[in-house]
Amino acid sequence: MTDIEYMRRAIELAARGSYTTDPNPRVGCVIVRGGEIVGEGWHQWTGQAHAEAHALSAAGDRASGATAYVTLEPCAHHGRTPPCVDALIAAGIDRVVIATEDPFPAVAGRGIARLTKAGVAVSLGLLSDEARELNLGFLTRMTRHRPYVRLKLAQSADGRIALPDGRSQWISGPDARHDVHRWRARSSAILTGIGTVLADDPRLTVRLPGHPPMRDVVRIVLDRHARLQQSARLLAEPGPIIHATLAHKPSPLGGRVEPLALTDAHSSEQLARLMFALGQRALNDIWVEAGATLSGALLSSGLVDEIVLYIAPSIFGHASMPAFLVSAPQSPNAHHWRWIAVEQVGDDLRAVLRPAQL
(Lines give C-alpha, C1' and ligand atoms only; values in the text may rest on other atoms or scores of the structure.)
Protein backbone atom coordinates (compact mmCIF):
# COMPACT_ATOMS: atom_id res chain seq x y z
CA MET A 1 0.00 0.00 0.00
CA THR A 2 1.03 3.62 -0.53
CA ASP A 3 0.94 6.73 1.65
CA ILE A 4 -2.24 7.79 -0.12
CA GLU A 5 -3.95 4.48 0.63
CA TYR A 6 -2.99 4.61 4.30
CA MET A 7 -4.22 8.19 4.61
CA ARG A 8 -7.43 7.29 2.83
CA ARG A 9 -7.94 4.57 5.44
CA ALA A 10 -7.37 7.14 8.21
CA ILE A 11 -10.03 9.38 6.63
CA GLU A 12 -12.45 6.43 6.54
CA LEU A 13 -11.83 5.88 10.23
CA ALA A 14 -12.30 9.56 11.05
CA ALA A 15 -15.72 9.52 9.36
CA ARG A 16 -16.91 7.00 11.93
CA GLY A 17 -17.05 9.83 14.44
CA SER A 18 -19.35 11.95 12.29
CA TYR A 19 -22.25 11.72 14.75
CA THR A 20 -20.43 11.76 18.08
CA THR A 21 -17.31 13.95 18.30
CA ASP A 22 -18.87 17.41 18.09
CA PRO A 23 -17.61 20.01 18.99
CA ASN A 24 -14.27 18.26 18.56
CA PRO A 25 -13.00 17.51 15.04
CA ARG A 26 -13.31 14.08 13.43
CA VAL A 27 -9.87 12.49 13.34
CA GLY A 28 -8.51 9.12 12.22
CA CYS A 29 -5.09 7.57 12.68
CA VAL A 30 -3.33 4.58 11.08
CA ILE A 31 0.06 3.28 12.26
CA VAL A 32 2.16 1.34 9.75
CA ARG A 33 5.38 -0.57 10.30
CA GLY A 34 7.16 -2.59 7.65
CA GLY A 35 4.28 -2.22 5.19
CA GLU A 36 1.76 -3.60 7.71
CA ILE A 37 -0.98 -1.74 9.56
CA VAL A 38 -0.23 -2.39 13.24
CA GLY A 39 -2.70 0.03 14.81
CA GLU A 40 -5.81 2.01 13.92
CA GLY A 41 -8.05 4.41 15.78
CA TRP A 42 -10.44 7.31 15.53
CA HIS A 43 -11.81 9.92 17.89
CA GLN A 44 -15.07 8.37 19.00
CA TRP A 45 -16.63 10.66 21.61
CA THR A 46 -15.94 14.16 22.88
CA GLY A 47 -13.86 14.02 26.04
CA GLN A 48 -12.54 10.54 25.36
CA ALA A 49 -9.23 9.34 23.89
CA HIS A 50 -8.10 10.85 20.60
CA ALA A 51 -7.46 8.86 17.43
CA GLU A 52 -3.72 8.67 18.01
CA ALA A 53 -4.17 7.22 21.51
CA HIS A 54 -6.46 4.47 20.21
CA ALA A 55 -4.06 3.61 17.38
CA LEU A 56 -1.00 3.58 19.66
CA SER A 57 -2.80 1.35 22.15
CA ALA A 58 -3.61 -1.12 19.36
CA ALA A 59 -0.04 -1.03 18.03
CA GLY A 60 1.70 -1.48 21.37
CA ASP A 61 5.46 -2.05 21.05
CA ARG A 62 5.12 -2.27 17.27
CA ALA A 63 4.68 1.52 17.15
CA SER A 64 8.43 1.97 17.62
CA GLY A 65 9.99 2.88 14.29
CA ALA A 66 6.58 3.09 12.59
CA THR A 67 4.84 5.76 10.52
CA ALA A 68 1.61 7.36 11.77
CA TYR A 69 -0.95 8.70 9.29
CA VAL A 70 -3.22 11.30 10.94
CA THR A 71 -6.01 13.30 9.32
CA LEU A 72 -5.47 16.37 11.54
CA GLU A 73 -2.37 17.77 13.23
CA PRO A 74 -1.86 15.98 16.58
CA CYS A 75 -2.69 18.11 19.60
CA ALA A 76 0.14 19.65 21.63
CA HIS A 77 -1.80 20.85 24.68
CA HIS A 78 -3.45 19.45 27.79
CA GLY A 79 -7.22 19.51 27.36
CA ARG A 80 -9.55 16.73 28.46
CA THR A 81 -6.81 14.36 27.34
CA PRO A 82 -2.98 14.66 27.34
CA PRO A 83 -1.09 15.85 24.23
CA CYS A 84 -1.04 13.34 21.38
CA VAL A 85 2.38 14.55 20.20
CA ASP A 86 3.88 13.41 23.50
CA ALA A 87 2.34 9.96 23.08
CA LEU A 88 3.63 9.65 19.51
CA ILE A 89 7.14 10.70 20.53
CA ALA A 90 7.17 8.41 23.58
CA ALA A 91 6.04 5.46 21.45
CA GLY A 92 9.06 5.92 19.15
CA ILE A 93 7.15 6.89 16.00
CA ASP A 94 9.70 7.74 13.29
CA ARG A 95 7.46 9.60 10.84
CA VAL A 96 4.09 11.33 10.96
CA VAL A 97 2.07 12.06 7.82
CA ILE A 98 -0.59 14.73 8.46
CA ALA A 99 -3.42 15.64 6.12
CA THR A 100 -4.30 19.09 7.51
CA GLU A 101 -2.93 21.56 10.04
CA ASP A 102 -5.17 22.22 13.06
CA PRO A 103 -6.12 25.93 13.29
CA PHE A 104 -7.19 25.59 16.95
CA PRO A 105 -5.05 28.26 18.69
CA ALA A 106 -3.65 25.83 21.28
CA VAL A 107 -2.36 23.59 18.43
CA ALA A 108 -1.93 25.62 15.18
CA GLY A 109 1.48 24.35 14.13
CA ARG A 110 2.71 23.59 17.66
CA GLY A 111 2.09 19.87 17.20
CA ILE A 112 4.20 19.80 14.05
CA ALA A 113 6.92 21.89 15.71
CA ARG A 114 7.11 19.56 18.72
CA LEU A 115 7.36 16.48 16.51
CA THR A 116 10.08 18.05 14.37
CA LYS A 117 12.05 19.16 17.42
CA ALA A 118 11.95 15.58 18.72
CA GLY A 119 13.47 14.32 15.47
CA VAL A 120 10.27 12.91 14.01
CA ALA A 121 9.95 13.34 10.23
CA VAL A 122 6.74 15.19 9.37
CA SER A 123 4.89 15.40 6.04
CA LEU A 124 1.91 17.76 5.71
CA GLY A 125 -0.86 18.07 3.12
CA LEU A 126 -1.55 14.54 1.90
CA LEU A 127 -5.26 14.29 0.88
CA SER A 128 -5.87 17.60 2.64
CA ASP A 129 -9.05 18.41 0.70
CA GLU A 130 -10.64 15.07 1.59
CA ALA A 131 -9.66 15.45 5.24
CA ARG A 132 -10.99 19.02 5.40
CA GLU A 133 -14.39 17.85 4.18
CA LEU A 134 -14.81 15.91 7.41
CA ASN A 135 -14.35 19.02 9.53
CA LEU A 136 -15.72 21.96 7.58
CA GLY A 137 -17.67 23.10 10.63
CA PHE A 138 -14.77 22.90 13.07
CA LEU A 139 -12.39 24.59 10.63
CA THR A 140 -14.90 27.35 9.87
CA ARG A 141 -15.46 28.03 13.56
CA MET A 142 -11.72 28.20 14.21
CA THR A 143 -10.90 30.47 11.24
CA ARG A 144 -14.08 32.52 10.72
CA HIS A 145 -15.43 32.45 14.27
CA ARG A 146 -18.84 31.19 13.26
CA PRO A 147 -20.39 27.84 12.36
CA TYR A 148 -20.51 26.35 8.89
CA VAL A 149 -24.07 26.94 7.68
CA ARG A 150 -25.95 24.40 5.57
CA LEU A 151 -29.31 25.48 4.21
CA LYS A 152 -31.68 22.61 3.51
CA LEU A 153 -34.34 23.22 0.88
CA ALA A 154 -37.02 20.81 -0.31
CA GLN A 155 -38.87 22.02 -3.37
CA SER A 156 -40.91 20.96 -6.34
CA ALA A 157 -39.31 20.72 -9.77
CA ASP A 158 -40.45 24.29 -10.46
CA GLY A 159 -38.81 25.65 -7.30
CA ARG A 160 -41.83 25.91 -5.00
CA ILE A 161 -42.19 24.89 -1.35
CA ALA A 162 -45.91 25.37 -0.70
CA LEU A 163 -49.18 25.51 -2.57
CA PRO A 164 -51.01 28.85 -2.74
CA ASP A 165 -53.10 27.85 0.31
CA GLY A 166 -49.94 27.20 2.35
CA ARG A 167 -49.91 23.40 2.31
CA SER A 168 -46.31 22.22 2.19
CA GLN A 169 -45.67 19.07 4.19
CA TRP A 170 -43.98 16.08 2.60
CA ILE A 171 -42.78 17.62 -0.64
CA SER A 172 -40.01 15.02 -0.62
CA GLY A 173 -40.45 11.27 -0.42
CA PRO A 174 -39.64 8.97 2.53
CA ASP A 175 -36.08 8.23 1.39
CA ALA A 176 -35.24 11.93 1.19
CA ARG A 177 -36.80 12.56 4.60
CA HIS A 178 -34.69 9.77 6.10
CA ASP A 179 -31.64 11.33 4.43
CA VAL A 180 -32.46 14.67 6.09
CA HIS A 181 -32.28 13.00 9.51
CA ARG A 182 -28.78 11.79 8.70
CA TRP A 183 -27.74 15.36 7.92
CA ARG A 184 -29.41 16.56 11.11
CA ALA A 185 -27.57 13.94 13.14
CA ARG A 186 -24.13 15.05 11.98
CA SER A 187 -24.87 18.74 12.65
CA SER A 188 -24.25 20.65 15.87
CA ALA A 189 -27.61 22.37 15.71
CA ILE A 190 -30.82 22.76 13.71
CA LEU A 191 -31.99 26.33 13.11
CA THR A 192 -35.48 27.39 12.15
CA GLY A 193 -37.62 30.52 12.28
CA ILE A 194 -40.75 31.13 14.29
CA GLY A 195 -42.81 31.26 11.09
CA THR A 196 -41.99 27.62 10.38
CA VAL A 197 -42.74 26.65 13.99
CA LEU A 198 -46.13 28.36 13.92
CA ALA A 199 -47.06 26.98 10.49
CA ASP A 200 -45.75 23.40 10.72
CA ASP A 201 -45.16 22.75 14.45
CA PRO A 202 -42.05 20.62 13.74
CA ARG A 203 -40.17 18.58 16.35
CA LEU A 204 -36.76 19.19 14.72
CA THR A 205 -35.34 16.02 16.25
CA VAL A 206 -33.12 13.28 14.88
CA ARG A 207 -35.16 10.15 14.24
CA LEU A 208 -33.04 7.33 12.87
CA PRO A 209 -34.37 3.96 14.06
CA GLY A 210 -31.65 1.45 14.75
CA HIS A 211 -28.91 4.07 14.68
CA PRO A 212 -26.21 3.89 17.38
CA PRO A 213 -26.41 6.35 20.29
CA MET A 214 -25.68 9.95 19.36
CA ARG A 215 -25.19 13.22 21.18
CA ASP A 216 -28.10 15.63 21.44
CA VAL A 217 -28.41 18.09 18.57
CA VAL A 218 -29.19 21.64 19.70
CA ARG A 219 -32.37 23.19 18.31
CA ILE A 220 -32.48 26.95 17.70
CA VAL A 221 -35.59 29.03 17.12
CA LEU A 222 -35.10 32.54 15.71
CA ASP A 223 -38.08 34.35 17.19
CA ARG A 224 -37.49 38.10 17.35
CA HIS A 225 -40.81 38.94 19.02
CA ALA A 226 -41.00 35.95 21.39
CA ARG A 227 -44.05 34.26 19.86
CA LEU A 228 -43.00 30.69 20.68
CA GLN A 229 -45.64 29.00 22.82
CA GLN A 230 -45.29 26.32 25.49
CA SER A 231 -47.54 24.09 23.38
CA ALA A 232 -44.99 23.83 20.54
CA ARG A 233 -44.06 20.21 19.89
CA LEU A 234 -40.33 20.91 19.82
CA LEU A 235 -40.52 21.93 23.50
CA ALA A 236 -41.90 18.50 24.42
CA GLU A 237 -38.86 16.73 22.94
CA PRO A 238 -35.65 16.12 24.92
CA GLY A 239 -32.48 17.98 24.08
CA PRO A 240 -31.13 21.53 24.38
CA ILE A 241 -33.03 24.46 22.85
CA ILE A 242 -31.85 28.02 22.19
CA HIS A 243 -34.59 30.66 21.90
CA ALA A 244 -33.24 33.75 20.12
CA THR A 245 -35.31 36.90 20.70
CA LEU A 246 -34.77 40.64 20.69
CA ALA A 247 -33.27 41.89 23.96
CA HIS A 248 -36.43 43.88 24.76
CA LYS A 249 -38.60 40.83 23.95
CA PRO A 250 -37.07 38.27 26.34
CA SER A 251 -38.05 34.63 26.09
CA PRO A 252 -41.00 33.79 28.35
CA LEU A 253 -39.95 30.14 28.38
CA GLY A 254 -38.04 28.79 31.34
CA GLY A 255 -36.53 25.48 32.28
CA ARG A 256 -34.06 23.99 29.82
CA VAL A 257 -34.62 26.62 27.11
CA GLU A 258 -31.56 28.86 26.82
CA PRO A 259 -32.43 32.46 25.93
CA LEU A 260 -30.23 34.30 23.45
CA ALA A 261 -30.69 38.05 23.16
CA LEU A 262 -30.57 39.54 19.66
CA THR A 263 -29.64 43.13 18.95
CA ASP A 264 -32.23 45.31 17.24
CA ALA A 265 -30.11 45.67 14.11
CA HIS A 266 -30.52 45.33 10.36
CA SER A 267 -31.33 41.77 9.35
CA SER A 268 -27.90 41.00 7.86
CA GLU A 269 -26.02 42.38 10.85
CA GLN A 270 -28.37 40.64 13.26
CA LEU A 271 -27.90 37.28 11.56
CA ALA A 272 -24.11 37.73 11.48
CA ARG A 273 -24.09 38.47 15.20
CA LEU A 274 -26.31 35.46 15.82
CA MET A 275 -23.88 33.20 13.99
CA PHE A 276 -20.96 34.64 15.95
CA ALA A 277 -22.84 33.95 19.19
CA LEU A 278 -23.50 30.37 18.09
CA GLY A 279 -19.81 29.95 17.30
CA GLN A 280 -19.00 31.16 20.81
CA ARG A 281 -21.18 28.29 22.05
CA ALA A 282 -18.86 25.82 20.25
CA LEU A 283 -21.41 24.94 17.56
CA ASN A 284 -19.57 23.79 14.42
CA ASP A 285 -22.30 23.02 11.88
CA ILE A 286 -25.71 24.67 11.65
CA TRP A 287 -28.41 22.84 9.66
CA VAL A 288 -31.11 25.32 8.61
CA GLU A 289 -34.67 24.21 7.94
CA ALA A 290 -36.62 27.41 7.53
CA GLY A 291 -39.18 29.18 5.41
CA ALA A 292 -38.63 31.39 2.39
CA THR A 293 -38.03 34.59 4.39
CA LEU A 294 -35.31 33.36 6.74
CA SER A 295 -33.71 31.24 4.02
CA GLY A 296 -33.58 34.26 1.74
CA ALA A 297 -32.19 36.48 4.48
CA LEU A 298 -29.37 34.05 5.20
CA LEU A 299 -28.55 33.79 1.50
CA SER A 300 -28.63 37.56 1.01
CA SER A 301 -26.37 38.01 4.05
CA GLY A 302 -23.73 35.71 2.59
CA LEU A 303 -23.92 33.41 5.59
CA VAL A 304 -24.82 30.21 3.75
CA ASP A 305 -21.81 28.01 3.07
CA GLU A 306 -23.70 25.14 1.48
CA ILE A 307 -27.16 24.39 0.11
CA VAL A 308 -28.56 20.87 0.36
CA LEU A 309 -31.39 20.92 -2.14
CA TYR A 310 -34.01 18.17 -2.50
CA ILE A 311 -36.02 18.34 -5.71
CA ALA A 312 -39.26 16.39 -5.92
CA PRO A 313 -40.71 15.28 -9.28
CA SER A 314 -43.78 17.49 -8.93
CA ILE A 315 -45.06 20.81 -10.27
CA PHE A 316 -46.76 23.29 -7.92
CA GLY A 317 -47.41 26.15 -10.34
CA HIS A 318 -46.35 29.78 -10.55
CA ALA A 319 -48.77 30.99 -7.85
CA SER A 320 -47.16 28.77 -5.22
CA MET A 321 -44.56 29.95 -2.70
CA PRO A 322 -40.92 30.02 -3.86
CA ALA A 323 -38.18 28.23 -1.95
CA PHE A 324 -36.62 31.50 -0.76
CA LEU A 325 -37.14 35.23 -1.07
CA VAL A 326 -34.13 37.25 -2.21
CA SER A 327 -33.82 40.57 -3.96
CA ALA A 328 -33.23 40.59 -7.70
CA PRO A 329 -29.46 40.43 -8.41
CA GLN A 330 -27.68 43.44 -9.84
CA SER A 331 -25.92 41.23 -12.39
CA PRO A 332 -26.53 37.78 -13.90
CA ASN A 333 -23.47 36.43 -12.06
CA ALA A 334 -24.67 37.42 -8.59
CA HIS A 335 -25.79 34.62 -6.26
CA HIS A 336 -23.85 32.16 -8.43
CA TRP A 337 -23.28 28.70 -6.97
CA ARG A 338 -21.42 25.60 -8.12
CA TRP A 339 -22.57 22.00 -8.07
CA ILE A 340 -20.70 19.78 -5.63
CA ALA A 341 -22.76 16.61 -5.96
CA VAL A 342 -26.08 15.46 -7.44
CA GLU A 343 -27.59 12.14 -6.43
CA GLN A 344 -30.98 10.47 -6.68
CA VAL A 345 -32.47 9.68 -3.28
CA GLY A 346 -35.56 7.56 -3.72
CA ASP A 347 -37.84 9.42 -6.14
CA ASP A 348 -36.14 12.76 -5.47
CA LEU A 349 -32.85 14.43 -6.39
CA ARG A 350 -30.43 15.74 -3.79
CA ALA A 351 -28.05 18.44 -4.97
CA VAL A 352 -25.27 19.98 -2.88
CA LEU A 353 -24.14 23.48 -3.87
CA ARG A 354 -21.52 25.89 -2.57
CA PRO A 355 -20.80 29.52 -3.44
CA ALA A 356 -18.88 29.81 -6.70
CA GLN A 357 -16.18 32.00 -5.17
CA LEU A 358 -15.16 29.40 -2.58
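It should be emphasised that the depicted structure is a prediction, and the values quoted were computed from it without experimental measurement. The first residue of the sequence shown is numbered 1, and numbering continues consecutively from there.
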Would [X] and [Y] show up in the same hydrophobic cluster when neighbours are defined by side-chain heavy atoms closer than 4.5 Å?
X	Y	answer
Val342	Ile307	yes
Leu278	Met142	no
Leu126	Leu88	no

Is a side-chain donor or acceptor of [X] paired with a backbone partner of [Y] at a separation under 3.5 angstrom?
X	Y	answer
Arg182	His178	no
Thr100	Thr71	yes
Asp305	Val149	yes
Thr205	Arg207	no
Asp201	Arg233	yes
Arg227	Gly195	no
Tyr6	Gly35	yes
Ser156	Arg160	yes
Glu73	Glu101	no
Glu36	Arg33	no

With Ala87, which residues qualify under side-chain contact (heavy atoms from CB on, under 4.5 Å), at least two apart?
Leu56

Nearest-0.5 Å distance that lies between atom CD in Glu12 and atom CG in Leu134:
10.5 Å

Indicate yes or no: does Asp129 engage Arg132 in a salt bridge with an N to O separation below 4.0 Å.
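Salt bridge absent between Asp129 and Arg132.
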
Can you tell whether the side chains of Arg114 and Asp86 come within less than 4.0 Å, N to carboxylate O?
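Yes, Arg114 and Asp86 are salt-bridged.
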
Would you mind telling me which of Arg354, Arg26, Arg186 makes a salt bridge (Lys or Arg N to Asp or Glu O under 4.0 Å) with Glu133?
Arg354

Here's a test for you: under salt bridge (Lys or Arg N to Asp or Glu O under 4.0 Å), which of Arg146, Lys152, Arg150, Arg141 qualifies with Asp285?
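Going through the options one by one, the only one that passes is Arg150.
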
For Val85, run the side-chain contact (heavy atoms from CB on, under 4.5 Å) check against Ile112, Val96, Val107, Leu115 and tell me which one passes.
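Going through Ile112, Val96, Val107, Leu115 one by one, the side-chain contact (heavy atoms from CB on, under 4.5 Å) with Val85 is satisfied by Leu115 alone.
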
Taking atom types as modelled and ignoring hydrogens, do the side chains of Asn24 and His43 form a donor-acceptor contact shorter than 3.5 angstrom?
yes

